[in-house]
Amino acid sequence: MYMQKYVAAELATDIVINVGNVKFHLHKFPLLSKSARFQKLITNSNEENNDEVHIHDIPGGSAAFEICTKFCYGMTVTLNAYNVVAARCAAEYLEMYETVEKGNLIYKIEVFLNSSIFRSWKDSIIVLQTTKSLLKWSEELKVVSHGIDSIATKASLDTSKVEWSYTYNRKKLPSENSNDPQSNNARKQQLVPKDWWWVEDLCELQLDLYERVITAIIEKGNVSGAVIGEALNAYASRRMPGFNKGEIQGGDIVKNRLLLETILRILPVDMGIASFSFLVKLLRVAIQLECEELERSELIRRIGMCLEEAKVSDLLICAPVGDAILDVDIVQRIVEEFVACDQQVQTDSLLEDEFQEIRSPGMVSDPSKAKVAKLVDGYLAEIACDPNLPVAKFVNLAELVSSFPRASHDGLYRAIDMYLKEHPGISKSERKRICRLMNCRSLSAEACMHAVQNERLPMRVVVQVLFFEQLRTTTSSGGNSTPDHPGSLRSFLPGGSHGSSRSTITNTEEEWDAVGTMEDIKSLKGEVDALKLSGGTGRASSGKDNNSGKGNADNIAASKMKGFMSKKILSKIWSSKEKSVDISSSDTSESPASTVVEETKSTPARSRRHSVS
């Protein structure tokens, strides 16, 4: 059924134009004077003795056609940001050029666009949105490119020059209706946030146009990378419900995947462009949407480059499949990327001129490494509670940052203790392997106090903690916080760069790796406490003999330590285990640098072989 539209005039109409489901009853002369296409169409209809013309493919449909015909009749035409694109495309279709008549519709629309629409932030966005339905025509007529350039130019302005509202579709505040100049100045300061005032507004654009606008803003080079990252974060949050929680709630998977790929393509590669939390949210969504490995690998690489900015909660990514609670493999890859950055910088430094001063970037500085080590310790404590977590995954992740500086090993000790508590059934070799991760001499006094009463630790670790605690007490009383342990004291220090869980004075590996009972641990602690009291009497009180007194005290402490441990403590441990020991069963493969000495007990049958590392 057709809708009939007539022109109010005294003369009868002499032609009918069918546009879609609307019949326009018009006069030939006004149309012929403005439109070259009408001239062709009406000429053809006259030859066929037909007073009816059909137009099916005019852009903008009947509404745009009506605007053009009103202009032909000299009627007032109302143009705005919502209809100007359709009118411009329809005028182009009807060939309403200056060659047909001066001051024709195409010319007037171009003037309106340049003098009004593209000078307005709000209207520029609206116009760009309306081009979506007429994209082919809008591209050819440069409306899209002009709209993108207008928006990008305004977004790149210094905020002190911005005079428009930054959220065009919100209701005006009462103060905005005032004409007072002072009120206007205050309003401008209130309405234009620093740098990212335009971020929310552009979220209205469809993905393809949004990508082109952001790319244009980046190319102008006046907007910081951090603002670009914030803009992409806002767009993802608006377009993917649940994005801020790292879990998309419904929606078209294909569209969401395309959006994620587009954001990654736009996101500049420079450091500091996007916040760590934003990158992690992208990774979580990429895993959920089962994006290609290429996208996930790129996100992992970027996250690894700024890992020092992370919090433990950022790394708690749920495992997609299997019995595991958290995806440890992803975090392993992220940490590996950070380590690879460090190694790459070191390699590049070697290629520099040897006479130039080499400075590593902040991302691989010692403070950055310390942050990452603390982060990994905290993450290990979280995953330690997973009953299905293999020892190998726990250890491999911890070993990645084993060379990184730490203020203390308390966090690592906490993670190890939690893992041992949650996995009581692991083997002695696995318990030994996991305890080797921490450096006993880097534990705080509070951690040492906990460790010496911890029944989950192997006896070798408990003894080592007690030894270093005693050694720290002995040296600190002499006023030297970083002593160079002399003579016999040095012989007690464990082998290896970390001093990690090596036996101070050992018998067989099996006995040292065994978990001691609380009675054994109390016995050890009591002996060391007694050693503290007796060792203190060997220190000279005179300032003049302070150095010699300190050396004597160290030797006395070491001698008594050796006596107590070799005779009293070990005999208690062995007797409590009620196990027979093969004299030749000492396993020294774990301590290549250890030397073997013999120490004869008072009972010949008790003669045993001891390894001192």
Side-chain angles (χ1 to χ4, degrees), residues 1-118 120 123 126-127 129-144 146-147:
M1 183 176 180
Y2 284 93
M3 179 184 296
Q4 308 289 334
K5 288 200 173 185
Y6 297 86
V7 176
E10 295 180 357
L11 296 175
T13 60
D14 53 5
I15 190 169
V16 176
I17 309 292
N18 295 296
V19 181
N21 62 345
V22 180
K23 285 181 177 289
F24 291 89
H25 297 264
L26 306 171
H27 302 86
K28 293 179 181 180
F29 178 74
L31 304 181
L32 293 171
S33 65
K34 304 286 186 181
S35 168
R37 182 175 285 267
F38 274 140
Q39 293 173 4
K40 299 171 188 175
L41 292 173
I42 293 174
T43 300
N44 292 336
S45 68
N46 289 338
E47 293 175 354
E48 298 172 358
N49 295 319
N50 185 5
D51 61 353
E52 196 163 333
V53 175
H54 294 271
I55 299 178
H56 302 290
D57 55 349
I58 184 171
S62 60
F65 178 81
E66 185 173 350
I67 292 175
C68 294
T69 54
K70 283 184 176 181
F71 180 81
C72 292
Y73 276 89
M75 298 179 182
T76 302
V77 175
T78 302
L79 294 177
N80 53 50
Y82 295 96
N83 65 11
V84 67
V85 173
R88 174 66 181 87
C89 295
E92 186 71 24
Y93 176 88
L94 295 174
E95 302 175 17
M96 302 175 75
Y97 303 128
E98 289 294 284
T99 55
V100 178
E101 183 176 273
K102 290 293 183 181
N104 213 338
L105 184 57
I106 289 177
Y107 169 78
K108 290 187 177 294
I109 291 178
E110 287 292 335
V111 171
F112 177 66
L113 284 170
N114 294 322
S115 64
S116 179
I117 296 295
F118 291 142
S120 165
D123 290 342
I126 294 173
V127 161
Q129 286 176 298
T130 61
T131 63
K132 189 68 178 175
S133 60
L134 300 167
L135 194 56
K136 182 180 178 180
W137 282 90
S138 300
E139 291 282 11
E140 292 178 357
L141 298 176
K142 309 293 184 183
V143 177
V144 175
H146 288 165

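Only this structure's heavy atoms are used, side chains among them; waters, hydrogens and symmetry mates stay out. Sequential numbering from 1 along the given sequence is applied to the chain's residues.
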message = Just so I know, are the side chains of N104 and F71 near enough to count as touching, which here means a heavy-atom distance under 4.5 Å?
response = yes

ask   = Hey, are the side chains of L41 and I55 touching, using non-hydrogen atoms and a 4.5 Å cut-off?
value = yes

query = Do N18 and E52 have side chains that get closer than 4.5 Å, going by heavy atoms?
reply = yes

inquiry  = Could you check whether any side-chain N or O of S62 sits under 3.5 Å from a backbone N or O of G20, counting only pairs where one atom can act as donor and the other as acceptor?
reply    = no

task = Could you give me the CA-CA distance, side-chain angles and deciding distance for H27 and L11, then say whether side chain to side chain contact (heavy atoms under 4.5 Å, CB included) is met?
result = CA-CA 8 Å; H27 302 86; L11 296 175; 3.9 Å; yes

Between OH on residue Y82 and CD on residue Q129, distance to nearest 0.5 Å = 8.0 Å

request  = Measure the spacing between NZ of K40 and OG of S35 and express it to the nearest 0.5 Å.
outcome  = 9.0 Å

query = Got a sec: does the NZ of K132 have more than 12 other heavy atoms crowding it under 6.0 Å?
reply = yes

key: By salt bridge (charged side-chain N to carboxylate O under 4.0 Å, His left out) - contacts of K28 (at least two apart)   = none

ask   = Of I106, L105, V111, which meets side chain to side chain contact (heavy atoms under 4.5 Å, CB included) against I109?
value = L105

inquiry  = Nearest 0.5 Å, please: how far is CZ in F118 from CD in E110?
reply    = 8.0 Å

key: Working for side chain to side chain contact (heavy atoms under 4.5 Å, CB included), residues L79 and I67   = CA-CA 9 Å; L79 294 177; I67 292 175; 4.2 Å; yes

query = Any chance OH of Y73 has more than 12 other-residue heavy atoms, nucleotides or ligands included, within less than 6.0 Å?
reply = yes

ask   = Which word best sums up how the rings of F65 and F38 line up, parallel for under 30°, tilted for 30 to 60°, or perpendicular for over 60°?
value = perpendicular

request  = Would you give the length of the straight line joining atom CG of L113 to atom CZ of R88, rounded to the nearest 0.5 angstrom?
outcome  = 8.0 Å

request  = Could you pull out all residues at least two apart from K70 that satisfy salt bridge (charged side-chain N to carboxylate O under 4.0 Å, His left out)?
outcome  = E66

message = Restricting to non-hydrogen atoms, name the atom on A64 and the atom on A90 that form the minimum distance, rounded to 0.1 Å.
response = CB-CB, 3.6 Å

For E140, side-chain contact (heavy atoms from CB on, under 4.5 Å) partners two or more places apart = K136

Side chain N83, main chain A63, donor-acceptor under 3.5 Å = no

inquiry  = Run the side chain to side chain contact (heavy atoms under 4.5 Å, CB included) test on C72 and S33 for me, step by step, so that the C-alpha distance in whole Å, both residues' side-chain angles and the decisive distance to 0.1 Å come before the verdict.
reply    = CA-CA 8 Å; C72 292; S33 65; 5.7 Å; no

query = Run the side chain to side chain contact (heavy atoms under 4.5 Å, CB included) check on I15 and L26 step by step: do they pass?
reply = CA-CA 5 Å; I15 190 169; L26 306 171; 4.2 Å; yes

query = Do N44 and V53 come close enough that some side-chain heavy atom pair is under 4.5 Å?
reply = no

